[in-house]
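What's counted below: heavy atoms across the whole structure, side chains too, no hydrogens, waters or symmetry copies. Sequence lines set the chain letters: A, B, ... in the order given, protein chains first and strands last, and positions in each chain run from 1.
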Amino acid sequence: MSEPVSALNHAGFDGLAKVTECGLHGMITLRGDLAARAVKAAATGASGVKMPGPNEVQSKGDNALCWMSPDELLVICDYKDVRQVLDKMHKSLGAAHALAVDMSDARTMFCVTGSSARDVMAKLTPADLSPATFGPGQIRRSRLAQIPAAFWLEDDQSFRIICFRSVAQYAFDLLCTAAGAGSDVGYFSAAPIRPT
Amino acid sequence: MKRYSAFSIAREALRNHAGWTRAWAAPEPRRRYDVVIVGAGGHGLATAYYLGKNFGITNVAILEKGWLGGGNTGRNTTIIRSNYLQDASAAIYEKARSLYETLSQELNYNVMFSPRGVIMLAQTESEVRGYKRTAHANALQGVETEFISPEQVKELVPIINISGPRYPVLGGLWQARAGTARHDAVAWGYARACSAMGMEIIQQCEVTGIRQKDGKVAGVDTTKGPIDCDKLGLVVAGHSGVLAEMAGFRLPLESVALQALVSEPIKPCMDVVVMANTVHGYMSQSDKGEMVIGGGADGFNNYTQRGSFHHIEETVRALVETFPIISRLKMLRQWGGIVDMTGDRSAILSKTPLEGCFINCGWGTGGFKAIPGSGWGMAELMAKGHSPLTESFSLDRFREGRFVDESVAAGVAH
Amino acid sequence: MSKRIATQGRLIDRSRALTFTFNGRDMRGHPGDTLASALLANDQMLVGRSFKYHRPRGIVASGAEEPNALVNLGTGPSFEPNQRATTTELFDRLKARSQNHWPSLEFDIGAINARLSRLLPAGFYYKTFLRPRAFWKHVYEPIIRQSAGLGQAPKDRDCDTYEYFYATTDIVVVGGGIAGLLTARSAAQSGAQVLVLEQTAHLGGRTPVDGGTVDGQPASAFIDALLEELRAMANVTMRSRCMGAGIYDHGFVLGYERLTDHDPDAAGPRHRLWRIRAKQVITATGAIERPLAFAGNDLPGVMLASAMRDYLINYGVMVGQRVIVATNNDDAYRTAIALKEAGADVLRILDARDSGGGPLMQKARELGIRIDCGRAIGKVRGGKRVKKVKICAQNSSGGALEEVSCDAVAMSGGWSPVVHLWSHCGGKLLWDDGAAHFRPDPARPPTGADGNGFVSTAGAAHGDFALGDIVAQAHEAGRKAAQAIGMKPKKHDAPIAAETREARLLPVWLMPAGANIGLRSKAWLDYQNDVKVSDVELAAREGYESVEHTKRYTTLGMATDQGKLSNINGLATLANSLGTPIPSVGTTTFRPPYTPISMGAIAGEARDAIFQPLRCTPIHHWHEAHDAAWEPVGHWRRPYTYPRADEAHADAVAREIKNVRQAVGLLDASTLGKLIVKGPDAGKFLDMLYTNMMSTLQPGRCRYGLMCNENGFLIDDGVVARLDEQSFLCHTTSGGADQIHAHMEEWLQTEWWDWQVYVANATEQFAQIAVVGPKARKLLEKLGGMDLSAETLPLMAWAEGEIAGIRARVFRISFSGELSFEIAVPASQGLALWTALIEAGREFGVMPYGTEALHVMRAEKGFIMIGDETDGTVIPQDLGLDWAISKKKEDYLGKRAQQRTHMASPDRWKLVGLETTDGTVLPEGAYAVGEGLNANGQRVTQGRVTSTYYSPTLERGIAMGLVLHGPERMGEVLEFPGTDGQVYHAKIVDPVFYDKEGTKQNV
Amino acid sequence: MLILTCPYCGIEADETELASGGEAHLTRHGPGTSEDDFSNYLFTRQNPLGVHFERWRHAHGCGKWFHAARDTGTLEVFATYPAQTAEPPKTVCDAIRKRRPGWTWQGTA
C-alpha cells in the first residue's frame, strides 16, 4: 500500500503573505435537499459540525462543513477518515435522494496567511474581499485568475483555498506571483497611506 | 463628378483646393423609387452600386438613419480574406476579395486595398488538421491558400514568438492575396459612385414603418415622410431585427457587442495580418502605424456599442504572449460595434416572407471583408430573384437544417 | 531662451541633481521634474516632428493633453515608444530620443512634406495613388507607412511584470485636485468608503499654481491641511500615479497605476491595473486649456498659457524671456503676471476682446505690462523656435499692424472641462454658450444596473471655473453621491473661497476672425496629425459633414492625444464652415482609455508559466521525466508519444503501436471525463441525453454511448458504467468533461427540474490507466489483488477491488482492439500504480504509449473520434452508428433535429474506410472530387478524408472519410487532389481495417 | 461589465463569474412538432432593443442557472429570478412595468 501524495506535496512560499499547499484533506461532496432531515443528519452527524447557512463555513477541529450551493455541501475531514465518514453518511442518508461522493483526491487546498493576505487574494479574484462583506466563517466560490476556486477565512489573516488538483501548480504559481516582493498594495493591509 | 487624380490635386492646390465639390449629393427624398435600400453602410451602398452597374437600375434611394458608413463599416478591423472552408462562404468572400483588388480604380476612390497577406496560426493538432482541410477545400474553390511551416510563419512575421511555452506555432494557413483596406473609404467610394449614377443617399432619415399592399411591399414610412418602392432591401446589420419586426417577420438573430482596439502608432514592424484563433486574438498594423487588434464578442444581447472589458484583457493577454514586443506598446482606444449573429454564424442574404422585401444581415464578425461580394450577390438576388452567390444563405436553411458552418475548421469568421 | 530660474519650483528638489540624455546629449534636472520641464530647463525647445508634414515641434502643454513631446524612452527590454514627456517623471540616467525624423531631429528629410503641404490636403490619399494598381502595395503604401508611425517598434521582450487589483468600494473619485479632494471628504464624512485616483504623482491639482484663498488661507496651505485630514480618515484611500482610465457599465472603473515608471530599478510590477466596482463615481478631472488657431501656432515656443505658468511655478522654468501672451479670456493674465513677477519681459498681452478683461487685467497693467485689446496674432514667424509675431486686429483678415520679436508665445483660447470619463459610459453633454464649451448634462448621466445615474462631476470637470463655485459644488457633489447610495450625510459647512471676478470670455475659433486662406492653411487644430483649419473647411465642402466623417476624413482628434487640445476648436471650425451652431454638430464619441495604457498592464499577471492554467494529471511529471512529446488537449497536456534518444516521432509512435499489439502498453487516460449521475430518474435522464438506451444497462456492465445537441449534431461519446440501481458513471472525452457536466446541469436545472437526479464531476478524483495488449492480464495478475479472468470480468464489464494494494475500479473496455483494462485509482495514488505497472511490466516488455498511437490504433479498428470524424456538422447516422441510436425511444436530445429534411436526406456524406491504391498515406483533410464545376465555378466534391494515418500494423496508409452514398460504393476508387500537386487515388472499403471479428479484445 | 445578483446564493456576481445562456422561457419542441415550431425554438429569437429575458449560470460560483430581466439598450437589470419557471413571475413583470410603464409580457398584460 503506497502513501497517497497531494498534488504539490506541501510546497510553500514566503512573500507578502505565506503560501502553502496544505496536503491531502478528506473532502466529500454532498448533494441533496439541505432542508431534508436525513441530509442534515448525514452532514452534521458524520462531521460533528453544525449545519452552515448559505455562504457559510462551520468548523470543529479539522472537520468542516462548507455551503457550496443551495443543494451542495462540502464535508471536510481528515484524509484517512474519509471512508468511515462516507459510510456513516450513506447509512444516515438511507433511502433519501442525495449524492455523497469522495472528492478528496480531486482537489488541492492552499493556505494564504499574513497581514497582506487580503491584498494578495484581491489581485486574483473579483470577489469583494472588504472586511465589511467578507469575514471569517464565510465562504465564497469564485475564480482565481483563470480557474474556479472556493475560499474562506479561518481568521482575519488566513485564507483557505480549494481548487482542482490538476491546476494546483498554476494556482500555486499565481499566489506566489501575487505575493511577490515589491508588489504590496496596502489597500486592505495598511491603514490610510501616509505621506511619502 | 470631378475625377480624382494626382493632376486634379495639383490643379486644385494652385487655388487652395477651393474647387473641390461634394463627394455625394445630399438631396431630399422623392415620393417614389424603383428600389429602396435601408442602410447606407458598406453592404447597402454596394448593393445599390451593383444594382446600377450590373442591372441598370438607378432609380434607387439609400436611406440612412445616421450618417453613411457610420455603423460597423467604420468600426471593424478591416481584414479582407476568403480562406473559408465551406463552398458557399468561399464563393462569396472570394468574389468580394477579387472585387476589392480593383475597387479603387473602379470607383476612382482609393480604398487602399492592401493585399499584404493573412496568416491563420495553427497552434493545436486539431487546428493543423482544420487548416490543412481548408487548404484542400480552397484549392478546389479557386481560392489561393497554402499551409505553411512555423519557419515560414516566422519569416513572414519576425516579431512573432513561434515557440511559446503553451501554444507553439505548428504552422499556418497563408493567403497571400488577402489583406486590409481603408474601411471608411469603402463606404465613401461606393457612396460617391452611387451618387454619380443618380442614386439618392438620404442621411438622417430613419425608417419608422414598412408599408404593404396585398401581401407585397409598397414602401416605407420615414422620419422624412413616406416613400414608395417596388422592391425593398433591408441592410442594417445590428438593427435588422427591429426592421424585420416592422415587415412582420422574425429572424434567427442575436445582436451582441464586438470589440476592437488600436495601439499608439509605431514604425512598421508587421507587414501581414495574423489571426490566432486558439488564443482568440488577431492583429495587423495600419498604414498609420497603429496595431489594430480584434477582440471578442459579448455572450449577451447588447445594443450599447460598449463591450465588457474582460474581452479586451483576454485578447491582449493572448497577443502579448504571441507578440512579446507589444507588451510595452499602449492601447490608444477601444470601441465596440453591434453585430448580428445567426444560428450558424453565417450571413443571411435572402427573400423574406414579405414579397418584394429582401434582407441582408447576420454577417456577425465577418461583414467588412464581404462588402463587394455581398453587394454583388444581393443586387442579383433583388434584380433577378435568385443568385448562385446568395443561394446557400437563404432564411429557409434554418428550417431544413442546412447550415453554412465555418466554426468547424477551428476558424472564426473575423 | 528657456531656462531654470532661482525662484519658484514647488515640485522640484533643488538639493539633488539628476542626469539624463536627450538624443544622446547629456542634460541635468532635479527630482520632481517631468522630462518636459527638464528639457525646457535645458533650453530644448525642439522636441519632435509632426506625423504628416514632419514640422518641427516643441512642448505645448504640461500634462496628459500634450500632442508633440513624444519620445522613445529607455533601451532594450525596457524601451518604450511614444512616451509623453509631460507625464514622464524624470529619473536618474533616463535616456530619451525624439521620434519621427530621419536622419536627425534638426535636419529631417521628411520635412519636404511641409514644403509640399499644399499637395497633401485632408484626404489627399483617397484621391490619388490610384494608378498603376500594383503601385499602391509596392510603392505608395510602403512610403506612407515609413513616414507615418511616430515611435520605433520595441525589439526585445518586456523585462517588467504587471498585475491586477480588484477593489469594491462605495465611491470612486477620479482626480485628486481640490474638487476631487473636497468631494472625497464630504462623501467620507457621510460614511462612504471612498477611493481617490490621481494620475500625477502629486495630489492637489493646479489650484496651488492658480492661487486664491480658501477659508482664509492660501489655497496651497488649505490643500495641505485637507490632505492631512483625508489621510487620517480610515474610509478614504488615495492613490497617486493612478489614473482613472475608463468608466464602464454597472459601476466598473478601470484604474491604471504606474508603480515603477519613475523608478525603473525598483522591485515589483511596473503597472497595476485596478478593476474597481463602485456604487457611485465622481469625475473631478479638471479642464484643459484650448489653443488659439492662428498661423504658425505650432512653432516651438508657442505654448498654452497655463502650461507656461505650470513650468514656472511648479518647476522654476521660465520658457521665454521675451513673451507675448494672446488670449480671449482672463485666465491667461495669471500667466503674464506670474512671468512678469518672476522677471520675464512680457512684451504684450493681445486680448481678442475689444473691452479686455477684469481685475486681473488691472493687475497686469499695474505691473506695467502693455495690453492691446481687440488684437490678435496674425502670424508667428520662426523656424525651429519662435522669432517674431505679426500683430493684427482680431476683426481683420490678417493685415499686420506691427511685428514684434520675441522668444515665446503664451496662448489661451479658453478652457474645456475634461468630459471623457463622464462620456465613456453614455453620459450626455450640453453646450455652454457663455463659457463656449461642452460640459456634462447632470440631467442625462450614465445609468447603472438599477437604471439610475451612477456618475456625477465636480469642479472644473463640472463646468465651474471660479474657485468659489468649485469648492462649494465639490463639497455638495460628495454629499449627493453619498446620499445616492443611501448614506445620511451629517451637516458640514462647505469651504468658502475668495472670488476673483473674471470678465466674460469671447469665443475665438480663428485668429484673426477673417484670416485669409493663406493663414488658415497654417493655423493648426490637431498638432500631431497635422490638421489645419483649411483641412476641416475642405472636408465640410466635400460633404463630409457629420463630425464623424470630418474626423475620419481629416484624422482630426485621432492622434495619441485623442484630440484633447483639438476637438472643440475642430468642431467649432466645422460648425462655422457648415454655418450651423456648434451643438448641432455634436462631438465624436469619447472612448476609453483617457490616456493610453500599456498592453502589459492589460494582460496583467498572465504570461509565461501562468499565461493560462496548465492541467496536469497525477502522472504528468513522470511523462515529463521520460521525454514525452506533448499534445495540448484543452488545457490538459497529454503525451503525444515518448520518443527515445534520437528517435523520430513517427518511429516512436510505430514502436508504441507494435508493442501494444504484440506485448503490453500503458496509457495515461486520467484526462477522460468521469461524471457520476445518481437518482431515481438517472436512467430516464441518461436516456434523454444519449441517443441509445441507458436505463436498461445492468449494474456491473458498461455501454458505449453517443450524445447529440438539440441541433442533432454529435457532441461527445464515451462508455457509461452502471454503478448501482441509481448511479451511473459517464465517461466523456478529455476535452468534453466540463462542457458535458455543464450540459447535464443545464438540462436538469432549466428543463427537467422536477426529475430526481444529481450529477457530480469526479474527473480529477481518479487517475485512470489503460493497460492494453495481449500481455495485459498477465501484468495485472502479477501485481495481484483481484480476479480479472475473462469469466469474472468479461468485455464491457467492470469490477471494484484492489490492485497492487490500491483501491481500484477496473473497466474491461477497449479502444484499440486489444485485450484492455482501464484502471481507475484515487489520483493521489495514480503515480504509485503507474510506476508499479512499469516495474512489474519490464518482463512483459511494457511501454507507455501516447495519444497518437491511441489514434492510429482506434483508426485501425474503425472507431470514430470526436473532433476527427465529427466537426459539429456530423450526425451519428452519417457515421453508420445507427446501431447506437435507439429506435424504441420516442425522444432524446437531437432526435427531432435529425428528422429535418436535410438531415434525413439520403445524399448526406457517410462514413467509409479509404485505402490508397498504392498504399501511401492520404493527405489530411483532402477532398474527393466529382464531375465538373458548381454554379460558383468551384470544383464539385463528393467526399472528404476525416482521419488518415500510416498503419504500422498493416504497413500501409489507412483512412476514414465521409463520402456521398459511400457505403453503397464499396470498391469504387475516388480521386483526392492534394495541395502538393499530386492526385491521390483511394478505394472505398469497410472502415474496420484490423481484426474485423473483434477476437483479440475478447479474450 | 455586468453585475447580476444570483437568486440562489445571493452573491452579486461579476460578469466574469457568470456564463450567459441566451434567451429565456423558450419552450422545448421535440419529435412530433412542426418544422416551423422546431426551427423557431432553436433559432428564432426576440432579440429586442429593450426588455429582454435571458438565462445565466453562476458558473464560477454556486453553479446554478437563473434568469435575468434586462434592458439591452441601457443594460438596466430589472430583476433576477430562479430558472424553474416557464414565464417571468408577476413580481418581475411588476418590477419591469414600474420602470417601463406600459410594457407587457409577450404582448399580454
Side-chain angles (χ1 to χ4, degrees), chain B residues 4 6 9 13 16-17 20 22-24 67 70 87 91 104-105 109-110 114-115 124-126 129 132-133 135-137 139-142 165-166 184-185 264-269 287-289 309 313 316-317 320-321 324-335 388 400-402 405 408, chain C residues 80-82 118-119 121 124-130 133 137 141 144-145 148-154 157-158 248 517 538 541-543 546 548-549 552 560 591-592 596-600 602-603 606 608 611-612 631-632 867 871-873 900-903 924-927 935-936 938-939 979:
Chain B
Y4 291 162
I9 288 184
N16 296 303
H17 302 281
W20 295 112
R22 298 186 62 95
W24 51 81
W67 297 96
D87 285 351
S104 295
Q105 292 69 31
Y109 199 100
N110 190 352
S114 172
T124 64
E125 292 295 336
S126 65
R129 282 195 300 272
K132 284 184 173 171
R133 178 181 165 190
H136 280 98
L140 303 173
Q141 294 155 341
R166 286 309 305 283
D184 295 319
E264 294 183 317
I266 51 170
K267 293 296 178 189
C269 65
D287 287 343
K288 275 190 78 184
F309 190 73
E313 289 171 348
V316 169
R317 188 188 296 157
V320 167
E321 196 65 15
I325 69 147
I326 72 167
S327 178
R328 292 183 91 93
L329 300 187
K330 301 185 219 73
M331 174 173 79
L332 174 60
R333 180 179 174 91
Q334 65 169 102
W335 66 92
E400 298 164 10
R402 180 175 44 79
D405 191 338
V408 308
Chain C
E80 182 168 14
N82 301 325
R118 274 184 152 213
L119 292 172
F124 73 97
Y125 33 70
Y126 299 120
K127 296 176 180 156
T128 180
F129 306 131
L130 288 162
R133 184 153 70 80
K137 181 186 177 208
E141 188 180 34
I144 290 176
R145 282 168 82 82
L150 295 181
Q152 292 299 328
R157 194 183 183 87
D158 190 349
Y248 301 77
I517 180 66
L538 175 61
R541 193 178 320 132
E542 293 191 88
S546 115
E548 281 294 341
H549 285 166
R552 291 150 178 267
T560 64
R591 298 281 193 179
I597 65 179
S598 68
M599 298 285 183
I602 297 169
D608 305 327
F611 165 59
Q612 272 184 358
E631 170 176 17
D871 63 2
T873 68
R900 289 174 297 189
T901 51
H902 185 67
M903 300 248 176
E924 266 177 16
Y927 279 76
N936 289 314
Q938 305 167 314
R939 281 295 294 275
T979 48

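- Heavy atoms closer than 4.5 Å to chain B are found in both the backbone and the side chain of C:Ile597.
- With chain B as the partner, the residue from C:Ala606, C:Pro632, C:Pro592 showing the most heavy-atom pairs under 4.5 Å is C:Pro592.
- For B:Asp184, the part lying near chain C is the side chain, with the backbone staying farther off; criterion is any non-hydrogen pair under 4.5 Å.
- For the residue pair B:Pro388 and C:Asn936, the shortest heavy atom distance occurs at O-ND2, 3.3 Å.
- Across B:Ala135, B:Gly70, B:Ala91, the residue that shares the most heavy-atom pairs under 4.5 angstrom with chain C is B:Ala91.
- In terms of heavy-atom proximity, B:Leu332 sits nearest to C:Pro596 at CD1-CG, 3.9 Å.
- Distance check, rounded to the nearest 0.5 Å: CG of C:Asp871 to CZ of B:Arg133 gives 4.5 Å.
- Among B:Gly289, B:Ser114, B:Cys269, B:Ala139, the residue with the largest count of heavy-atom pairs under 4.5 Å with chain C is B:Ser114.
- Top candidate by heavy-atom pairs under 4.5 Å with chain B, chosen from C:Gly600, C:Ala153, C:Gly151, C:Ala935, is C:Gly151.
- A donor-acceptor pair is defined here as one N or O able to donate and one able to accept, closer than 3.5 Å; no such pair exists between the side chain of C:Asn82 and the backbone of B:Ile266.
- Contact count versus chain C (heavy atoms, under 4.5 Å) is highest, among B:Arg129, B:Glu313, B:Gln141, for B:Glu313.
- Interface remark: of the candidates C:Gln938, C:Gln612, C:Glu80, C:Gln938 forms the most heavy-atom pairs closer than 4.5 Å to chain B.
- When all heavy atoms are compared, the tightest approach of C:Ala603 to B:Arg317 is CB-CA, 3.8 Å.
- Interface summary for chain B: among C:Met599, C:Met903, C:Arg900, C:Arg939, the most heavy-atom pairs under 4.5 angstrom belong to C:Met599.
- In terms of heavy atoms, B:Ile9 sits closest to C:Phe124 at CD1-O, 3.6 Å.
- By the 4.5 Å heavy-atom criterion applied to side chains, C:Glu548 and B:Trp67 are not counted as neighbours.
- Interface summary for chain C: among B:Arg328, B:Lys132, B:Arg333, B:Glu400, the most heavy-atom pairs under 4.5 angstrom belong to B:Arg328.
- Contacts of C:Glu924 with chain B are made by both backbone and side-chain atoms, with heavy-atom separations under 4.5 Å.
- The side-chain heavy atoms of C:Ile602 and B:Met331, taken from C-beta on, include a pair separated by under 4.5 Å.
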task = Tell me, with the steps shown, if B:Thr124 and C:Glu631 meet side chain to side chain contact (heavy atoms under 4.5 Å, CB included).
result = CA-CA 8 Å; B:Thr124 64; C:Glu631 170 176 17; over 6 Å; no
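- Within the 4.5 angstrom heavy-atom criterion, only side-chain atoms of C:Ile517, from C-beta onward, approach chain B.
- With hydrogens and angles disregarded, no donor-acceptor distance shorter than 3.5 Å links the side chain of B:His17 to the backbone of C:Leu119.
- When each of B:Val316, B:Asp287, B:Leu329 is scored by its heavy-atom pairs under 4.5 Å with chain C, the top score falls to B:Asp287.
- Not one N or O on the side chain of B:Asn110 forms a donor-acceptor pair closer than 3.5 Å with the backbone of C:Leu130.
- With chain B as partner, the option from C:Gly149, C:Pro121, C:Gly925, C:Ala926 having the largest number of non-hydrogen pairs under 4.5 angstrom is C:Gly149.
- Rounding to the nearest 0.5 Å gives a distance of 8.5 Å between NZ of B:Lys288 and CG of C:Leu150.
- Ranked by heavy-atom pairs under 4.5 Å with chain C, the list B:Gly401, B:Pro324, B:Ser327 is led by B:Ser327.
- Counting heavy atoms from C-beta on, the side chains of B:Glu264 and C:Pro81 never come closer than 4.5 Å.
- In terms of modelled atom types and a separation under 3.5 Å, the side chain of C:Arg118 and the main chain of B:Ala13 share a donor-acceptor contact.
- Applying the ring-ring contact (aromatic ring centres under 6.0 Å, His included) rule to B:Phe309 yields the partners C:Tyr248; only residues at least two apart in sequence or on another chain are considered.
- Shortest non-hydrogen contact noted between C:Gly543 and B:Trp24 is O-CZ2, 3.8 Å.
- Looking at C:Glu141, the atoms closer than 4.5 Å to chain B (heavy atoms on both sides) all sit in the side chain, from C-beta outward.
- By the salt bridge (charged side-chain N to carboxylate O under 4.0 Å, His left out) test, C:Lys127 is found to be paired with C:Glu542, residues two or more places apart in sequence or in another chain being considered.
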